[in-house]
Amino acid sequence: MLPLNATILQITEESHSVRTFFFDLHFETMEPGQFVMVWGRGVNEVPMGLSRINSITVLKVGETTSKLFELKEGDSFGLRGPFGRGFSLPSENEKILIIAGGVGAAPLSPYAEAAYAVGSEVHTILGARSADELIFEKRFLGAGKVYISTDDGSKGIKGFVTDVLKGLDLSAYDKIAICGKELMMVSVFRLIKDRKVLEKAEFSLHRYFKCGIGICGSCCIDRSGFRVCKEGPVFSGMQLLDSEFGRYERDASGRRVQI
Amino acid sequence: MLPLNATILQITEESHSVRTFFFDLHFETMEPGQFVMVWGRGVNEVPMGLSRINSITVLKVGETTSKLFELKEGDSFGLRGPFGRGFSLPSENEKILIIAGGVGAAPLSPYAEAAYAVGSEVHTILGARSADELIFEKRFLGAGKVYISTDDGSKGIKGFVTDVLKGLDLSAYDKIAICGKELMMVSVFRLIKDRKVLEKAEFSLHRYFKCGIGICGSCCIDRSGFRVCKEGPVFSGMQLLDSEFGRYERDASGRRVQI
Amino acid sequence: MYVLTGLKMKNPTILAAGILGTTGASLCRVALEGGANAVVTKSIGCMPKKGHPNPSIIQLDCGFLNAMGLPNPSYQGFLQELKIAKKDSGVPVIASIFGGNVVEFMEVAEGLLPGKPDAFELNVSCPHSEGYGAAVGSNPCLVEAITAAVKDVVNVPVWVKLTPNVSDITSIGTAAESGGADAVVAINTLKGMAIDIESGYPILGNRSGGLSGKAVKPVAVKCIYDLYATLKIPVIGVGGVSCWQDAVEMMMAGAAAVQVGSAVYERIDIFSEINTGIKAFLQRKSYSDVKKLIGLSHEMV
Amino acid sequence: MYVLTGLKMKNPTILAAGILGTTGASLCRVALEGGANAVVTKSIGCMPKKGHPNPSIIQLDCGFLNAMGLPNPSYQGFLQELKIAKKDSGVPVIASIFGGNVVEFMEVAEGLLPGKPDAFELNVSCPHSEGYGAAVGSNPCLVEAITAAVKDVVNVPVWVKLTPNVSDITSIGTAAESGGADAVVAINTLKGMAIDIESGYPILGNRSGGLSGKAVKPVAVKCIYDLYATLKIPVIGVGGVSCWQDAVEMMMAGAAAVQVGSAVYERIDIFSEINTGIKAFLQRKSYSDVKKLIGLSHEMV
Ligand SMILES: Cc1cc2nc3c(=O)[nH]c(=O)nc-3n(C[C@H](O)[C@H](O)[C@H](O)COP(=O)(O)OP(=O)(O)OC[C@H]3O[C@@H](n4cnc5c(N)ncnc54)[C@H](O)[C@@H]3O)c2cc1C
Ligand SMILES: Cc1cc2nc3c(=O)[nH]c(=O)nc-3n(C[C@H](O)[C@H](O)[C@H](O)COP(=O)(O)OP(=O)(O)OC[C@H]3O[C@@H](n4cnc5c(N)ncnc54)[C@H](O)[C@@H]3O)c2cc1C
Ligand SMILES: Cc1cc2nc3c(=O)[nH]c(=O)nc-3n(C[C@H](O)[C@H](O)[C@H](O)COP(=O)(O)O)c2cc1C
Ligand SMILES: Cc1cc2nc3c(=O)[nH]c(=O)nc-3n(C[C@H](O)[C@H](O)[C@H](O)COP(=O)(O)O)c2cc1C
Ligand code: FES
Ligand code: FES
């Protein structure tokens with residue numbers, strides 16, 4: 001597909017460095033966890049999870065995201081997608097645990113809502129560096145119970161999402177969905193693996209995307225050779241066993257870089 | 001479309017110079033009067049009306065048709081189609097007159113059968129140079145009444161199809177379908193026009209086809225600019241008023257040639 | 001009203017050469033019923049030519065392959081058709097001509113002058129030519145010479161139609177410009193071929209031919225973009241346009257007008273459709289004039 | 001067993017360069033899960049390169065446009081990936097390399113030798129090069145020199161991958177043959193471009209790029225046909241193959257083996273699918289051997 005034209009209808013400040021952009025396209029069939037390629041014209045095109053069928057939620061980190069932050073309502077950007085594989089939806093009687101770190105809450109918030117909508121019980125561990133960087137707390141609260149952790153203790157438990165996780169009985173959950181920084185995710189991975197519930201868990205990975213549609217190979221992970229943009233970005237814990245996950249990734253040139 | 005591969009299942013000798021080739025493709029949705037482009041590989045590709053959903057009926061006249069006559073059962077040729085606009089089917093209570101000269105009977109025989117199948121009354125004037133060149137007499141007989149004319153009088157009336165036509169009450173027919181040599185068709189055209197029933201009549205035209213699908217323009221007729229391969233080959237009598245029909249055609253180079 | 005090399009057109013959409021361009025009547029039909037704002041004739045030469053054996057055109061998944069072999073009734077035979085088109089089409093009629101060398105091009109151009117074409121389009125992609133067996137159109141010197149020679153004998157605009165089957169289309173465009181061309185037209189078909197796997201035969205009667213239609217649009221856009229950046233004369237875009245969006249894309253790449261060929265197959269009134277689509281687009285985007293689109297992408301950096 | 005320039009393959013289907021070829025693991029996956037009978041790596045150069053900004057690939061109606069900009073981790077960075085591919089893929093691994101001049105090509109080839117590639121494929125369509133600014137691949141002298149130089153420093157077969165963006169691909173193929181190439185590979189992508197009409201921006205980060213996929217198949221078939229008629233060394237076909245029929249068509253045009261690139265997007269196991277399709281076709285048509293297909297169309301006259 002060619003980039004669609006997405007006109008910004010509304011911009012919401014989620015924190016000082018995170019904004020949600022609502023646009024005039026509706027991806028009714030999107031699976032929570034799927035991503036779009038967002039094209040800041042004249043700059044670059046980058047992957048972003050869909051935070052709703054009609055929004056992306058962006059953390060300002062570099063050139064392209066800064067360019068997006070310059071856009072006003074009525075402006076537009078290019079958009080290809082939704083692409084990739086999202087989180088598996090729970091069924092009515094299942095109980096799920098969501099673990100969201102920072103802007104990782106973006107693709108997980110529609111997941112929480114979808115799970116709630118089918119009638120499953122939703123618990124969320126929401127982590128951030130500090131209280132004002134917590135994102136979508138209300139949306140997760142609307143879907144069920146929320147545990148909060150902040151690095152500086154400004155809200156909830158002082159510490160990391162894993163500190164909350166340690167205290168939970170993981171056998172009570174049917175599915176566990178995780179998205180956040182890779183270092184956070186890998187701690188969660190180890191803990192969950194130790195508790196022998198890895199087969200319940202799904203992780204949303206970040207790798208460098210060029211095509212976003214499974215041709216170029218820049219996002220492939222070792223040792224499976226899976227394409228994060230096509231077989232992922234959401235992988236089951238079992239798929240990540242014996243993988244590069246948590247150890248290294250590849251930069252735009254394909255060089256290995258330590259995580 | 002690329003040429004399909006048509007394998008010859010059976011060859012029927014209709015007369016010393018006309019053969020029907022049954023092939024292994026079935027054009028279930030063909031309209032009687034539609035044509036296919038028949039590719040004698042290594043030679044040329046020429047238009048042929050479909051004489052059934054799975055047959056063409058060929059008069060040997062030149063290089064390509066001779067090449068087709070060399071083919072045996074089990075051999076194959078290329079085939080694109082069906083293309084163009086066929087004869088309008090009558091409805092149940094309508095009475096139709098078919099006028100077929102020589103190999104013009106080929107596209108008209110499925111028309112007679114289709115008309116008979118919907119319950120309309122079918123009369124046919126079948127003309128040829130001599131008795132042994134009459135084609136598909138049985139098929140037309142199966143659909144209704146048949147008048148025969150031969151140039152040499154070896155069967156039916158001695159003379160032309162127009163000699164039969166003159167004796168008929170044309171006001172009794174709802175539709176008149178004509179296919180044959182252009183000189184024959186134009187005599188019919190004049191007669192029908194004089195009788196003021198031209199709007200009931202449809203003629204299947206022959207012009208030089210290159211593409212067969214309406215791009216090249218080699219089959220266009222004056223003054224309408226209609227493409228015989230696309231808006232035709234079957235035209236209503238009214239469409240042919242004030243046209244080149246019966247006067248000239250164009251050869252492969254586009255030069256006008258007297259009929 | 002839109003003026004292109006002096007030709008007045010209501011909109012910048014034109015019938016491409018070789019499509020429904022053999023008879024005056026069909027040219028009129030494309031203008032009147034189809035809404036084309038100018039029409040280019042089939043390419044005409046010195047002598048009547050039957051062209052290659054069939055199949056001479058086949059439809060592929062993404063376009064068409066053709067090897068017509070330049071069938072034409074010669075300029076003598078075509079003159080009456082040209083006159084009909086001029087009399088009844090109500091739009092500018094551009095005579096496409098071809099030849100194997102400078103002299104032939106001049107002969108055909110002069111031969112058609114009595115038909116009063118509004119412009120000539122030189123089809124310099126003819127494979128039968130002087131110059132070490134290469135096609136005329138890939139030889140800048142020949143292109144310049146032919147252009148200059150035709151300019152000399154006619155007093156109407158001369159467009160030069162370029163082949164994309166070269167390493168650098170801008171060098172050929174530059175040659176045409178140096179020869180005095182009023183515009184270049186890009187692109188003619190790409191060399192291509194298809195084989196019938198059931199028999200092993202190449203499908204086209206001529207074995208290979210030229211690719212047109214959707215498949216070639218990205219190639220055409222790139223050629224137009226490069227020509228626009230290089231030349232001073234207008235670039236007329238052609239190749240794979242099948243909707244108004246394609247036409248806008250070509251104009252943004254630099255096309256001063258757009259020709260449509262293969263897509264006429266689907267619907268003759270594609271020209272009206274494109275004109276309506278462009279008009280609505282200009283309105284929605286608040287562009288004051290269709291000319292604002294021309295070369296727009298060069299400014300977007 | 002099928003032998004191509006000395007490489008033993010079960011079937012003549014190969015992964016094309018630049019598709020899932022950046023990591024050893026993905027190359028293995030295409031071989032093991034996809035059924036590719038040999039794999040070509042991403043083109044590797046002297047220095048790590050990030051490539052052009054995104055969008056670097058977009059899907060069109062009839063194919064793909066890409067302007068990756070030759071991203072690669074350099075031969076040093078790639079060596080470990082090559083070793084993984086060699087160890088685990090179970091099929092011949094061909095190292096695709098590029099450079100701006102003879103010396104760079106030699107450096108990369110020698111640099112990758114420790115990884116024991118089964119062959120090299122020279123990507124001589126790199127736009128950064130010596131020789132008056134033209135791409136290496138459109139200059140026969142450079143192609144011959146580079147081929148000869150790489151042949152000198154390696155002891156495995158050398159394939160030369162040709163660009164179709166030239167007036168006459170056979171002259172470049174002949175140059176490669178004279179330089180000692182063991183095979184030529186045709187074709188790389190066609191120059192192309194697409195513009196976003198909502199904004200006027202060219203879509204690719206690099207503004208223009210290369211066309212691949214279904215759109216280019218007829219062009220590839222023609223190039224292969226002409227190369228087969230001209231050269232003595234094998235021609236490896238690539239460009240727009242997306243089913244077994246396409247592969248058969250290319251072989252009939254003259255391809256000794258077929259590479260698949262863009263179509264891997266739809267399904268990685270396209271290689272197995274093609275192999276199965278060809279096998280059934282050979283059986284149905286009572287061809288004793290897949291080799292009977294190679295160049296068959298040249299005999300059908
Ligand atoms: C599947 C997926 C979903 C994502 N969802 C979101 C989201 O919902 N919200 C959000 O804020 N961020 C998300 N990201 C991360 C986002 O893509 C990067 O923050 C963004 O690319 C940064 O671009 P930049 O030009 O501003 O920064 P740069 O200065 O160019 O780079 C900063 C860092 O961003 C990452 N990055 C840059 N370009 C790419 C690329 N083409 N592909 C992948 N990573 C890149 C790299 O890690 C790089 O080091 C997601 C990433 C992936 C892979
Ligand atoms: C719509 C249509 C339906 C037809 N249906 C039948 C049919 O059912 N049975 C049948 O026997 N014939 C049919 N014909 C006529 C048939 O196409 C010609 O007899 C055939 O093309 C002769 O080819 P040839 O190579 O054997 O003869 P040639 O020696 O090449 O030519 C003999 C004559 O055939 C005609 N012809 C040749 N090539 C073409 C062409 N490409 N397009 C049109 N006419 C051509 C010309 O009038 C030519 O003078 C039909 C023609 C048309 C246009
Ligand atoms: C059937 C056919 C015949 C053509 N004949 C000519 C011709 O006579 N002269 C010419 O300059 N171009 C000719 N062309 C090329 C077209 O004018 C045009 O350049 C090309 O088809 C690309 O445009 P399109 O994709 O819109 O068809 C022909 C193309 C086709 C498909
Ligand atoms: C995303 C992408 C990246 C490519 N990278 C390379 C490359 O690094 N080296 C190369 O020689 N060809 C490269 N190519 C060209 C392909 O190998 C192939 O020649 C071309 O795509 C035509 O084949 P296809 O239609 O099967 O894709 C690339 C093509 C694509 C689509
Ligand atoms: S980004 Fe190209 S394969 Fe994933
Ligand atoms: S044969 Fe080409 S338009 Fe009719």
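In what follows, chains carry the letters A, B, and so on, assigned in the order in which the sequence lines appear, proteins first and then strands, with residues in each chain numbered from 1. Because only heavy atoms are used, hydrogens play no part in the values below, and waters and symmetry mates are left out as well, while side chains stay in.
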Q) Of the backbone (N, CA, C, O) and the side chain (C-beta and beyond), which part of C/Ser199 lies under 4.5 Å from a heavy atom of chain D, both, or neither? A) backbone
Q. Just how far is it from atom NZ of D/Lys222 to atom CG of C/Leu211, taken to the nearest 0.5 Å?
A. 13.0 Å
Q: Just give me the residue among D/Val301, D/Leu293, D/Leu60 that pairs up with chain C most often, heavy atom to heavy atom, under 4.5 Å.
A: D/Val301
(Q) Please classify the contact between D/Lys285 and chain C as side chain, backbone, both or neither, with a heavy-atom cut-off of under 4.5 Å. (A) side chain
Q) Only one of D/Asn165, D/Leu190, D/Val219, D/Val216 forms a side-chain contact (heavy atoms from CB on, under 4.5 Å) with C/Val219, so which one is it? A) D/Leu190
Q) Looking only at heavy atoms, which two atoms of D/Gly200 and C/Leu296 are closest? And how far apart? A) CA-CD2, 4.3 Å
Q) Can you name the closest pair of heavy atoms from D/Met300 and C/Arg207 and give their distance? A) O-NH1, 2.9 Å
Q. Atom OG of C/Ser208 and atom CG of D/Asp226: how far apart are they, to the nearest 0.5 Å?
A. 6.5 Å
Q | Minimal non-hydrogen separation, D/Ala194 against C/Glu249, with atom names | A | CA-OE2, 3.1 Å
Q) With respect to chain D, which residue among C/Ala220, C/Ala215, C/Gly213 yields the maximal number of heavy-atom pairs within a distance under 4.5 Å? A) C/Ala215
Q | Side chain proximity check, C/Gln245 to D/Glu198, heavy atoms < 4.5 angstrom | A | no
Q: Find the one option among C/Asp168, C/Val221, C/Val248 whose heavy-atom pairs under 4.5 Å with chain D are most numerous.
A: C/Val221
Q: Kindly compute the distance separating CE (D/Met193) from CD1 (C/Ile224), expressed to the nearest 0.5 Å.
A: 10.0 Å
Q | Check: D/Lys191 side chain, C/Ser167 main-chain N or O, donor-acceptor pair, under 3.5 Å | A | yes
Q) Just by modelled atom types, is the C/Cys62 backbone N or O under 3.5 Å from a matching donor or acceptor in the D/Lys214 side chain? A) no
Q. C/Tyr201 versus chain D, heavy atoms under 4.5 Å apart: side chain, backbone, both or neither?
A. both
(Q) With rounding to the nearest 0.5 angstrom, report the CG to CD1 distance, D/Asp246 to C/Ile197. (A) 8.5 Å
